[in-house]
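See below for the structure under consideration.
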Amino acid sequence: MYENAAEVVEIKISFDSKIVGIPINELGPLLPKDFLIAVIQNRGRMTIATGSRILSPGDSIIVVTAPQHLTALEKVF
């Protein structure tokens with residue numbers, strides 16, 4: 001997207017992820033600045049991500065981010 005300045009990626013939340021149990025609006029220090037969690041899929045239901053939502057192991061998220069952050073994001077999720 002945008003001449004390779006952004007990518008839309010699906011990420012599955014692992015059971016040992018650093019972000020499990022933390023509300024999305026508190027994840028800022030763990031994530032890049034140019035990162036957006038757009039959609040969350042949980043047990044077959046798709047929802048728009050909100051700040052109060054807590055990610056659970058097994059959730060899949062659709063994110064928009066800069067391509068250079070993909071490797072770092074694998075370590076977080």
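Keep in mind that this is a model prediction, so the values were computed, not measured.
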Notebook entry, point to check: After noting the C-alpha distance and the side-chain angles of Ile40 and Arg53, does the key distance pass the side chain to side chain contact (heavy atoms under 4.5 Å, CB included) rule?
Noted result: CA-CA 9 Å; Ile40 302 167; Arg53 177 67 159 76; 3.4 Å; yes
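- Residues Ile13 and Val20 are in side-chain contact: their nearest non-hydrogen atoms beyond the backbone lie under 4.5 Å apart.
- Asn42 places none of its side-chain heavy atoms less than 4.5 Å from the side chain of Leu55.
- To the nearest 0.5 Å, atom CE of residue Met46 and atom OG of residue Ser60 are 8.5 Å apart.
- The minimum heavy-atom distance between Ser52 and Pro23, with the atom names listed, is O-CB, 4.2 Å.
- In terms of heavy-atom proximity, Ala5 sits nearest to Pro67 at O-CD, 3.6 Å.
- With contacts defined as side-chain heavy-atom distances shorter than 4.5 Å, the pair Ile61/Glu10 does not qualify.
- Atom NZ of Lys33 is separated from atom OG1 of Thr65 by 14.0 Å, given to the nearest 0.5 angstrom.
- At a threshold of 4.5 Å between non-hydrogen side-chain atoms, the residues Val63 and Ile11 count as touching.
- Once rounded to the nearest 0.5 Å, the distance linking OG of Ser56 with CZ of Arg43 reads 7.0 Å.
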Notebook entry, point to check: Does the pair Leu27 and Phe35 meet the rule for a side chain to side chain contact (heavy atoms under 4.5 Å, CB included), with working shown?
Noted result: CA-CA 11 Å; Leu27 295 178; Phe35 180 83; over 6 Å; no
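- For the pair Ile62/Val9, no side-chain contact is recorded, criterion being any heavy-atom separation below 4.5 Å from C-beta on.
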Margin query: Would Val76 and Ile19 count as a side chain to side chain contact (heavy atoms under 4.5 Å, CB included) here? Give the steps.
Written below: CA-CA 7 Å; Val76 174; Ile19 55 96; 3.5 Å; yes
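- At a threshold of 4.5 Å between non-hydrogen side-chain atoms, the residues Ile22 and Ile54 do not count as touching.
- His69 NE2 to Glu74 CD: the interatomic distance, rounded to the nearest 0.5 Å, is 14.0 Å.
- Between the side chain of Ser14 and the main chain of Phe77, a donor-acceptor pair closer than 3.5 Å is present.
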